[in-house]
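Reading through the structure tokens given below for one structure.
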Number of protein chains: 4
Amino acid sequence: MTDSADAPPRRQKAAGKRQRLTAAAARVLHEQGVERTTIADIARAADVPTGNVYYYFKTKDELVEAALTEHVSHLKTLTDQLDQLPDPRERLKALVAAWVGGRDTAARYGCPTGTLAVEVDKRTEGGLDLAAGRAFRQLLDWAESQFREMGVADPDGLAIALIGAYQGMSLLSNALRDPEIMTREGARLTRWLDTLT
Amino acid sequence: MTDSADAPPRRQKAAGKRQRLTAAAARVLHEQGVERTTIADIARAADVPTGNVYYYFKTKDELVEAALTEHVSHLKTLTDQLDQLPDPRERLKALVAAWVGGRDTAARYGCPTGTLAVEVDKRTEGGLDLAAGRAFRQLLDWAESQFREMGVADPDGLAIALIGAYQGMSLLSNALRDPEIMTREGARLTRWLDTLT
Amino acid sequence: MTDSADAPPRRQKAAGKRQRLTAAAARVLHEQGVERTTIADIARAADVPTGNVYYYFKTKDELVEAALTEHVSHLKTLTDQLDQLPDPRERLKALVAAWVGGRDTAARYGCPTGTLAVEVDKRTEGGLDLAAGRAFRQLLDWAESQFREMGVADPDGLAIALIGAYQGMSLLSNALRDPEIMTREGARLTRWLDTLT
Amino acid sequence: MTDSADAPPRRQKAAGKRQRLTAAAARVLHEQGVERTTIADIARAADVPTGNVYYYFKTKDELVEAALTEHVSHLKTLTDQLDQLPDPRERLKALVAAWVGGRDTAARYGCPTGTLAVEVDKRTEGGLDLAAGRAFRQLLDWAESQFREMGVADPDGLAIALIGAYQGMSLLSNALRDPEIMTREGARLTRWLDTLT
DNA sequence: AATGAATGAGTTTTCATTCAT
DNA sequence: GATGAATGAAAACTCATTCAT
């Protein structure tokens with residue numbers, strides 16, 4: 001009631017720090033790659049002392065997983081918005097439009113989920129952690145639902161084709177440093193969605 | 001009768017070693033990822049003393065680039081074989097079949113070129129090394145030639161769509177550890193190629 | 001009565017460690033030479049774990065520069081003391097006396113500033129780092145001030161002659177392992193200072 | 001008589017290689033410093049295969065000593081020429097003029113003998129190799145002879161003063177990257193020689 | 001003697017993780 | 001919880017020296 005200005009409630013501060021770390025990890029890990037990013041990098045980006053990170057995340061792997069979850073959560077926010085569109089085909093086309101909207105980031109750093117997935121996969125030698133897989137599941141399920149609602153055949157195959165196309169175009173766009181690949185491939189996907197019956 | 005087993009020809013050893021190192025690098029870097037693979041790992045896989053690696057490759061980056069080139073060279077070998085088929089459409093379908101044939105490796109480690117490209121991209125901070133881009137160029141050009149020979153519109157767009165689809169399905173197949181994704185997507189691509197006019 | 005021996009004050013430890021490292025570097029680099037001294041040598045001399053050195057100095061070069069600065073700072077302390085003498089000629093003669101006082105060290109290891117300067121110069125290939133130059137600037141300026149105050153002609157030329165003579169006699173004394181060279185040359189410089197008008 | 005073009009006499013070739021290595025070592029070690037120069041550097045500069053170096057010099061130390069000797073031998077050549085001047089004072093003044101003539105090299109790399117001496121001294125830890133000392137002995141002796149012939153008092157002290165002045169001015173000139181220091185100090189030394197009686 | 005290649009010990013540097021306060 | 005500092009196990013890279021022809 002009285003000390004809110006000088007001493008913000010601990011409960012909130014801690015949660016805020018965790019969130020800041022997660023957001024910083026999501027951004028920095030995407031930009032620099034998992035293996036080339038140090039805990040200190042993330043701590044600095046989140047404006048948190050290095051040693052303090054370990055009160056929120058026991059290991060680097062936990063931070064990586066949190067970052068992956070953060071990206072998934074961004075996708076959830078996006079699909080939640082798209083769900084407000086009445087037509088499933090329009091929802092999918094809007095998803096493609098969102099991808100194209102992120103073309104500059106994709107050309108520079110690739111798809112956050114995709115590039116993280118590639119690296120995370122190598123980190124879990126032998127073991128089937130599959131954190132990378134989980135990251136895609138949700139989006140695949142959402143896309144499949146849309147296709148199903150559209151009444152087209154093989155909805156889960158189409159979902160894989162669509163998400164796969166996005167991963168592929170992001171990867172090529174990134175490797176060739178050419179955002180226009182996203183634009184052109186996005187247009188092609190949109191046309192494709194229109195032809196499905 | 002011959003002493004080839006006991007006394008391997010010294011003359012060829014040097015060239016052979018470089019090749020052994022390149023091949024080992026291509027394999028191990030693909031399996032473990034660039035950043036998690038040490039020079040010692042590659043040396044061991046090639047049965048070469050660690051220090052000796054540097055006689056053939058001045059830096060780890062050079063080894064990575066050699067590995068990338070090795071993968072590209074594998075693709076060249078493949079497309080050279082496909083070129084013997086009379087019909088460009090058949091060549092492309094055979095390419096897809098080859099991809100599907102590698103589904104188990106893709107599901108376990110992803111596409112060699114693609115996963116290396118993602119990591120190589122993060123290694124060249126800010127700089128436009130584009131080694132990753134060069135790795136794709138040749139295959140894109142080859143695919144474009146086939147589409148052009150088929151007389152379809154937008155051959156380079158189709159080339160990007162095709163290679164992108166492969167990258168995407170490899171990535172998803174890897175993240176979900178599911179080789180069947182390769183099979184199903186391969187079938188879809190084959191059908192797609194058949195519909196092009 | 002006090003636990004100072006068992007539990008050294010942590011608060012001061014950090015600052016103290018950096019100073020200990022700098023002092024150790026100054027000594028060891030002088031005695032062994034820059035290139036033949038390892039970070040581990042310095043760490044051991046400072047009683048600091050090797051890895052911890054990098055918390056205070058990002059590279060070996062930074063340690064070398066700190067050592068050079070440390071030697072310069074010793075000279076500053078010396079000239080500050082000499083400044084308390086009323087007569088500039090006496091100050092210069094006292095400086096020479098101080099040099100002669102360090103004859104055994106000079107005969108064994110050379111002038112700290114001079115020998116470090118020689119090696120530092122070779123470390124900065126092509127680049128104009130001039131850390132070595134900066135190391136001499138202060139002493140040259142101080143000597144020049146004294147000559148100026150004495151009212152003699154060409155004070156900066158004389159400063160160079162004086163400091164140069166010290167460097168030369170240290171180098172010869174070291175190469176010939178003969179401290180007496182310092183004594184005799186010191187006497188000659190003193191006589192020379194007395195003749196200046 | 002017949003194969004001179006295709007197969008030069010072995011006896012000469014070997015001697016030529018040794019000489020080339022010595023000359024290359026003298027130059028490269030001066031420019032880069034002893035510790036930063038590799039055997040391979042010297043071999044390359046002499047256009048000799050790396051492995052072959054060891055047929056002429058058993059260790060790096062031997063090469064360093066040969067380089068030092070080479071520099072001393074240059075000095076001998078110089079003093080032999082100066083000996084043809086009738087007046088010892090003129091000989092000494094001509095020596096100073098020669099030093100000034102090498103001012104650009106001195107400003108860039110320091111005095112060959114002096115900088116090598118500093119580094120060689122650090123290489124013989126504890127042991128009294130004194131190769132550095134021997135390098136100066138000859139020049140000191142020659143200068144002392146000149147002073148003696150001039151009939152001035154304390155000829156060996158003056159020799160040390162003269163050679164020391166050269167070492168000092170080279171070192172400062174190098175540290176400050178200023179060849180003019182050589183010019184000015186040279187002029188001062190010349191005047192000083194003229195005043196001696 | 002000649003030579004490219006091999007060797008292995010050593011050096012700088014990095015960093016996830018832990019610790020003391 | 002918070003924080004700067006500590007730690008130690010790698011990892012990349014270097015190079016004098018040796019070796020097999």
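In the text below, chain A, chain B and the rest are named by the order of the sequence lines, each starting its count at 1.
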Ranking I39(C) and P49(B) by the position along DNA chain E of their nearest nucleotide, the one closer to 5' is P49(B)
Atom OH of Y56(C) and atom P of dG4(F) are separated, to the nearest Å, by 13 Å
In whole angstroms, the gap separating C1' of dT7(F) from CG of D47(C) amounts to 14 Å
Q32(C) CD to dT11(E) C1', in whole Å, measures 14 Å
Review point. Hey, is the side chain of Y55(C) pairing donor to acceptor with the base of dA6(F) inside 3.5 Å?
Key: no
Would you tell me if any nitrogen or oxygen in the side chain of K17(A) comes within less than 4.0 Å of OP1 or OP2 on dT3(F)? yes
Using Watson-Crick geometry (N1-N3 plus N6-O4 or O6-N4) or G-U wobble (N1-O2, O6-N3), each under 3.5 Å, dA20(F) is paired with dT3(E)
Here the gap from T69(C) atom OG1 to E62(C) atom CD, rounded to the nearest 0.5 Å, amounts to 11.0 Å
- Task: Kindly indicate, with the supporting measurements, whether the criterion side-chain contact (heavy atoms from CB on, under 4.5 Å) is fulfilled by E65(A) and R134(A).
- Result: CA-CA 11 Å; E65(A) 190 155 336; R134(A) 266 176 274 130; 3.5 Å; yes
Assign each of E35(B) and V53(C) the nucleotide of DNA chain F bearing its closest heavy atom; nearer the 5' end lies the nucleotide of V53(C)
Checking Q32(B), E35(B), R36(B) against R123(A) for side-chain contact (heavy atoms from CB on, under 4.5 Å), the one that qualifies is R36(B)
Atom CD1 of I42(D) and atom C1' of dT17(F) are separated, to the nearest Å, by 14 Å
Per atom distances to the N52(B) side chain, the nearest of dT7(E), dA16(E), dT12(E) is dT7(E)
When K58(A) and K60(C) are each assigned the nearest nucleotide of DNA chain E, the 5'-most assignment goes to K60(C)
Within a strict 4.5 Å, meaning less than it, do heavy atoms of the I42(C) and V53(C) side chains meet?
no
Separation of dT17(F) atom P from Y54(B) atom OH, nearest Å, is 22 Å
- Query: Do the non-hydrogen side-chain atoms of Y54(D) and I39(D) ever get within less than 4.5 Å of each other?
  - Reply: yes
Taken to the nearest whole Å, CZ/R36(B) to P/dA16(E) is 11 Å
task = Indicate, with a heavy-atom threshold strictly under 4.0 Å, whether T59(A) touches base, sugar-phosphate, or nothing.
result = sugar-phosphate
Atom CG of L63(C) and atom C1' of dT13(E) are separated, to the nearest Å, by 13 Å
Rounded to whole Å, the CZ-P distance (F57(B) to dT14(F)) equals 15 Å
